Amino acid sequence: MKLPQAQVAVLQTADADEPRRIDEVADEADLKPEAATRAAFELEADGLVAVTEATLEHYELTAEGRQYVYESLPEQDLYEAAVDAGADEGAVSMGQVIGASGLDGPAVDIALANYNRKGYGAIDSGEITADPDADAGGDSEMFALEAVADGRVEDADDDAISQLERRGLLAVSEETVRSVQLTDDGVTALMGGVETAETVDRLTPELLTSGEWEDVEFTEYNVAADAEDVPHGKEHILRQTANRVKDTLVGMGFQEMEGPHVDAQFWINDCLFMPQDHPARTHWDQFALSAPDEIDDLPEDLVERVRSAHLEGVGPDGEGYHSPWAEDVARGLDLRGHTTSLSMRYLSGHEIGELEPPERFFSVEKVYRNDTLDPTHLLEFFQIEGWVMAEDLSVRDLMGTFTEFYEQFGITDLEFKPHYNPYTEPSFELFGTHPETGEVVEVGNSGIFREEVLSPLGVDCDVMAWGLSLERLLMLMYGFEDIRDVHGTLCDLDLLRTTEVLH
Ligand code: PHE
């Protein structure tokens, strides 16, 4: 039988009686480990060897762990000092015991927490007792530390090992080890004699010009063989999805809006007919800037029309809020709590001039809210803002647009619920079902802008609009349950590395 050189070497080095580690085989056969692994998989595909995989755990003490092996655990020191002070017969002052133990700095907290956990005694209002029956000298975690230091981890108790890992005294790492063993067919092949086939692993200009390529034998590629996993930088799934959202909306005929993250309350709230004493306008909801705290270039005519809408309403039967409206409040600068501020800038003509229906605009941008951090809320998130300006729009148009949009991300179970916004009438919220938990999750808010918003802006046809959460869309697409898995320092690197782009 003729085989490529690396396969012959692996076949001759492998054993029929027991599996041998591929790295050892490679060493002995004078092959690179990758070449030996590849050859082993090729031989396996031909049934000549069996490849097995095992996970080895390596245990190593951290610097703190090593220190305790040489000395003792802080809780052991505390126990000893407590017993010396007579705490096994009655409560004694904790300050005195700690002083005598020689513990200081963070070691004191470590000692107290573990003393308590291990039941060495009780700590209560500045006093400490020691359980006379506790065996601090025979501490199982100390025993495990010593076992690891001596390379006898198998002697240690599993619970003690996990405690040490939790305490940061021990680092456990995993290694995947592959081994090969000859199969019966492999033995038969060897007995029948194997020779090295001269194979060529790449096509060169020389092979082509000499015409030799017609006669040589090419190395076969095993595209199914396991390759080394090389972690590399990749686009964050949030960014990938933001880009997909943009492509999708452009495909639906929308143009992109741009604008400031820090904006005048005028654009963020006042244009949206949000009364100046609305609770959502306070620091409970929005982040205000201390410097600069105001801008002075608001369009005067528009300010006047917005003021009048707030005070007197719009049209002959209009009703305003009858509450105070001050221009300096409108000029105050905030981090935008929604990107509807951009919609106001564009709809007013302030950004790219007057617009004629039909028009469609969107943005996928960050917004900032003073929310309480939890699995579904962050202080900042991405909002998918959008609006359509046209004659005679209805809620049906809005629902149809969402159905079409979300379908492209595989979400077909949207639900709608009537809602209230000061700036839209009618309004509704959108919900989707979380693929893992089955929970119904709010994904967005929408509506048709009311006259009090459109009339001051100078728009005299209908405008339907929305703000959707990009992160919630991601949750429905990828099934993760905590928004902090994809944002910030607690993010789940494995999820970010391995999530495949869904199309
Ligand atoms: N601004 C709303 C929000 O942040 C979304 C929205 C935009 C609703 C436009 C209606 C119209 O929740």
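Because the structure is predicted, anything quoted here is derived from the model rather than measured. Start at 1 and go down the list; that is how both ligands and their atoms are numbered. Throughout, residue positions are numbered sequentially from 1 according to the sequence presented.
- Using modelled atom types and a 3.5 Å distance limit, the side chains of Q383 and T339 yield a donor-acceptor pair.
- In this structure, D462 and L393 approach most closely via the heavy-atom pair OD2-N, 2.8 Å.
- Between the side chains of N421 and T424, at least one donor N or O lies within less than 3.5 Å of an accepting N or O.
- Atom CD of E471 and atom CZ of R484 lie 13.0 Å apart (nearest 0.5 Å).
- Relative ring orientation between Y79 and Y115 is described as tilted, the plane-to-plane angle lying within the 30° to 60° band.
- A heavy-atom cutoff of 4.0 Å around ligand 1 is satisfied by the protein residues H338, T340, R369, Q383, E385, N421, Y423, T424, N445, S446, G447, A465, W466, G467.
- For the residue pair E57 / Y59, a side-chain donor-acceptor distance below 3.5 Å is found, with atom types taken as modelled.
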